[in-house]
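These notes concern the structure reproduced below.
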Amino acid sequence: MSAESATDVAAPLLRVEDLCVDFRTHGGLGGRRSAIVKAVDGVSFDIAPGETFGLVGESGCGKTTTGRALMRLLEPTAGRIEFDGIDVRACSRKELRALRTRIQIIFQDPYASLNPRMTVGAIVGEGLRVHGLAKGAALDARVGELLERVGLPSEYHMRYPHEFSGGQRQRIGIARALALEPDLIVCDEAVSALDVSIQAQVLNLLNELQQDLGLAYLFISHDLNVVRHIADRIGVMYLGRIVEVAPTERLFEDARHPYTRALIAANPIPDPHVRSKHVPLSGEVPSPLDPPSGCSFHPRCPIAMPACSQERPAPTQIAPGHVAHCLLADEPTRQASDAKG
């Protein structure tokens, strides 16, 4: 995590405004009609140079889709994506190819994301070859430097992915992402498949690389403890929408959206003498095929009012950098008392 969030002192490196990604389901047996799934529904956020922005939420809330859409690995349906002043959605194929040297991704699965038929050297150096940035001895030297940068011996470049553990494979994925010297890396559940002790090592490596190289991260995760460790600010997603954004510690100390409060309350406490105050949410996550009207969280919300089912809440600013999409966001006392009741 950077020493301080740069959002107040620097122009955003990445700005996302009202991003939407829709998927069409096709009709099946029984004459069912096709339908639209709103995987991402009006998401907005920004990331400053050198900042880590965490994106959290339950599985299926649209976190990964958001990350891939901003790189145009998935095509957005609507909205604006601006990277360092460049309109990403307006880029031609050639312009997008050049832009991707500056935006890279670390995938969730360290096993599926590495081609088993390629050596580690070929995997890490592929981007350099494709973009014509190095070849021959210079390419080999650069690959060796990248492997050592992520904590692996340079002589491992002739080995194949099956010869490595999960943590080592993810280090190879990080080296591949670093090869083109990007400004922003999308970390898509980059440590969720790893053991806890290995997670800590990889997170420390990401922090070290950020400090040394000035990298910005979009860190996608469902684990609040992990995100709290690495992120400067956090955006909380629910059913395709961001419901709250705040600096990390402020979010944990003064969350204003009921869903954020429920996530924090459900977060495991690593102390056997402290009893959890978690009260499970009622109901199930609604289907994105038929999302609720108004606030998407209202069917499960312990403090919902009649207006919540009719009105999509506008963002309420609680403090500088802290915004919540809730009709009761500026009434924390009522939220707390109603939740207990």
Side-chain angles (χ1 to χ4, degrees), residues 1-17 19 43-57 61-64 66-67 70-71 81-84 102-106 174 177-178 181-192 199-238 241-257 259-261 263-264 267 315-325 329:
M1 178 166 40
S2 62
E4 61 178 0
S5 176
T7 50
D8 295 329
V9 295
L13 175 67
L14 175 75
R15 174 171 286 151
V16 178
E17 297 178 354
L19 180 67
V43 163
S44 300
F45 61 90
D46 57 65
I47 303 176
E51 182 189 26
T52 299
F53 183 78
L55 200 56
V56 302
C61 71
K63 306 184 300 295
T64 292
T66 298
L70 68 86
M71 299 180 67
I81 305 166
E82 186 177 294
F83 179 81
D84 199 15
R102 302 184 61 192
I103 309 175
Q104 288 289 298
I105 186 169
I106 302 168
I174 294 171
L178 292 175
E181 300 181 356
D183 299 301
L184 172 68
I185 297 180
V186 177
C187 303
D188 183 14
E189 298 275 12
V191 299
S192 65
Q199 284 186 5
Q201 294 174 21
V202 173
L203 289 173
N204 289 337
L205 172 62
L206 291 172
N207 273 330
E208 178 185 324
L209 292 170
Q210 183 177 56
Q211 293 169 9
D212 292 346
L213 303 175
L215 296 168
Y217 295 134
L218 172 60
F219 195 90
I220 298 168
S221 180
H222 64 275
D223 190 326
L224 281 173
N225 283 329
V226 168
V227 175
R228 187 175 192 176
H229 177 77
I230 196 170
D232 298 296
R233 292 185 300 130
I234 296 176
V236 181
M237 284 192 73
Y238 182 80
R241 302 175 186 174
I242 286 184
V243 297
E244 188 162 8
V245 177
T248 299
E249 289 309 313
R250 180 172 179 84
L251 187 81
F252 280 85
E253 294 169 1
D254 190 23
R256 294 299 183 91
H257 196 283
Y259 178 64
T260 307
R261 296 166 72 94
L263 282 184
I264 293 172
N267 206 32
T316 299
Q317 182 165 335
I318 311 302
H322 186 180
V323 174
H325 296 249

Query raised in the report: Looking at F252, is R228 sitting on its ring face, NZ or CZ under 6.0 Å from the six-membered ring centre and within 45 degrees of the normal?
Result: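 Yes.
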
Are [X] and [Y] packed together at the side-chain level, in the sense that at least one heavy-atom pair is separated by less than 4.5 angstrom?
| X | Y | value |
| --- | --- | --- |
| V236 | L251 | yes |
| V245 | F53 | yes |
| F45 | L14 | yes |
| R233 | D46 | yes |
| L55 | F219 | no |
| L206 | T52 | no |
| I174 | I185 | no |
| L13 | I47 | no |

Separation of [Y] [atom2] from [X] [atom1] (nearest 0.5 Å):
| X | Y | atom1 | atom2 | answer |
| --- | --- | --- | --- | --- |
| I242 | I234 | CD1 | CD1 | 12.0 Å |
| I81 | E17 | CD1 | CD | 10.5 Å |
| L184 | L218 | CG | CG | 7.0 Å |
| D188 | T64 | CG | OG1 | 3.5 Å |

So which heavy atom on [X] is nearest to which on [Y], and how close?
| X | Y | answer |
| --- | --- | --- |
| A329 | T316 | CB-CB, 4.0 Å |
| Q199 | V191 | NE2-O, 3.0 Å |
| Q104 | A177 | CG-O, 3.3 Å |
| A48 | A216 | O-CB, 3.7 Å |
| G54 | A231 | N-CB, 3.9 Å |
| R250 | I318 | NH2-CG2, 3.5 Å |

Taking the side chain from [X] and the backbone from [Y], do they hold a donor-acceptor pair closer than 3.5 Å?
| X | Y | result |
| --- | --- | --- |
| R261 | A255 | yes |
| N204 | A200 | yes |
| S221 | V227 | no |
| K63 | G57 | yes |
| E244 | H257 | yes |

Requested in this report: Start with the C-alpha distance between L263 and L224, add both sets of side-chain angles, then the distance that settles side-chain contact (heavy atoms from CB on, under 4.5 Å), and finish with yes or no.
Outcome: CA-CA 8 Å; L263 282 184; L224 281 173; 3.8 Å; yes

Report task. Kindly determine whether I106 and Y217 satisfy side-chain contact (heavy atoms from CB on, under 4.5 Å), including the steps that lead there. Result -> CA-CA 10 Å; I106 302 168; Y217 295 134; 5.7 Å; no

Requested in this report: Could you walk me through whether T66 and M237 pass the side-chain contact (heavy atoms from CB on, under 4.5 Å) test, one step at a time?
Outcome: CA-CA 10 Å; T66 298; M237 284 192 73; 3.9 Å; yes

**Report entry** Listed once per pair and sorted, the salt bridge (charged side-chain N to carboxylate O under 4.0 Å, His left out) pairs that draw on residues 203-217, sequence neighbours left out
**Finding:**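 Every pair satisfying salt bridge (charged side-chain N to carboxylate O under 4.0 Å, His left out) with a residue in residues 203-217: R149-D212.
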
